[in-house]
Number of protein chains: 2
Amino acid sequence: MNRQLTFIGHISTPYNTLDACPNNISFEGPACQLKLKPEYRRELSGLNEGQNILILYWLQNPDESVNQPYRYTGTGGCDDTDSKRSGTFALRTPLRPNPVGAAVLPIQQISDGEITVRGLDCLNNTRLLDIKPAIYLEAGKAS
Amino acid sequence: MNRQLTFIGHISTPYNTLDACPNNISFEGPACQLKLKPEYRRELSGLNEGQNILILYWLQNPDESVNQPYRYTGTGGCDDTDSKRSGTFALRTPLRPNPVGAAVLPIQQISDGEITVRGLDCLNNTRLLDIKPAIYLEAGKAS
């Protein structure tokens, strides 16, 4: 089975080193741009400002000359001496079997194949994988 | 840059053909099991019943002998004659550049490397990619 990903664009953030990245998403954080490759731009049609979107991105260092800091070692958040520690799937750590990051944020602005959101916490030039309408956010509220 | 995915397990649903799959997630739907491979089971530590999780899965037909119905053709939901149609990224269609499905659902039950949720709409044996705590759901409510 094919299991290869396609990068549909990249994310511009103010963070050029891992040390500069904040530890979490902040709804009041700085503006970040989701920049789509030309062939995907028209697929944004139907999305609107204010709408919540689920953003999926590839949590590997975009600078390929740098050693990869995001490597899942299989030890996760657990070790044998501390059974109460949270495992990988209970955490938002980038050290995952599949280093796919996810964030739900409202669209601040949308134009010309570019979406602006506030407060992503990933490195500048992080590769973009997908954008989906976050309809389940509404469903989750109701449940 | 590596862009290859790892399957961490599979999802059991009642749907063995695409025709049998419902068109959307239903919070009242039948029970479905997220079944992790042995090496990932302890990474569920820290997740609890009632907690909302983001589930990521690979939307390609798990039966590799069947022709692949989920193929992104590049035409998305738009065509040149109807500029008002929604594009791929405004839809939950499986016909995406990266066929990664996402659902946010509460954990009904968790035990022995298996999580039960209600109402997923994907094929039986769909490959599982990731589970994350859906903390942004709470943040989204507050915003």
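A, B, ... follow the sequence lines: proteins, then strands. Residue 1 opens every chain.
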TODO: Answer with side chain, backbone, both or neither: which region of B:L105 has an atom nearer than 4.5 Å to a non-hydrogen atom of chain A?
DONE: neither
- [ ] Tell me, please, which residues at least two apart from A:T6 pass side-chain contact (heavy atoms from CB on, under 4.5 Å).
- [x] A:Y40, B:N98
Task: Nearest non-hydrogen partners of B:A90 and A:P133, listed with the distance - done: O-CG, 3.4 Å
Task: Least distance between heavy atoms, B:S86 atom then A:G46 atom - done: OG-CA, 4.2 Å
Task: From CG (B:L54) to CG (A:L54), nearest 0.5 Å - done: 6.0 Å
Task: Hydrophobic cluster identity match, B:I25 and B:Y15, side-chain contacts under 4.5 Å - done: no
Task: Side chain proximity check, A:F89 to B:K132, heavy atoms < 4.5 angstrom - done: no
Open item on the list: Counting only non-hydrogen atoms closer than 4.5 Å, does B:L129 touch chain A with its backbone (N, CA, C, O), its side chain (CB onward), both, or neither?
Closed with: both
Open item on the list: If you apply the rule side-chain contact (heavy atoms from CB on, under 4.5 Å), what do you find for A:L56 with B:V100, and how did you get there?
Closed with: CA-CA 9 Å; A:L56 298 180; B:V100 174; 3.9 Å; yes
Open item on the list: So, taking the atom named CZ in B:R3 and the one named CH2 in A:W58, what distance separates them when rounded to the nearest 0.5 Å?
Closed with: 9.5 Å
TODO: If a pair satisfies salt bridge (charged side-chain N to carboxylate O under 4.0 Å, His left out) and one of its residues is in residues 99-125 of chain B, list it, with sequence neighbours excluded.
DONE: B:R92-B:D121
Open item on the list: If hydrophobic clusters are built from ILVMFWY residues whose side chains come within less than 4.5 Å, do A:I107 and A:I8 share one?
Closed with: yes
- [ ] Kindly compute the distance separating CZ (B:R96) from CD (A:E43), expressed to the nearest 0.5 Å.
- [x] 9.5 Å
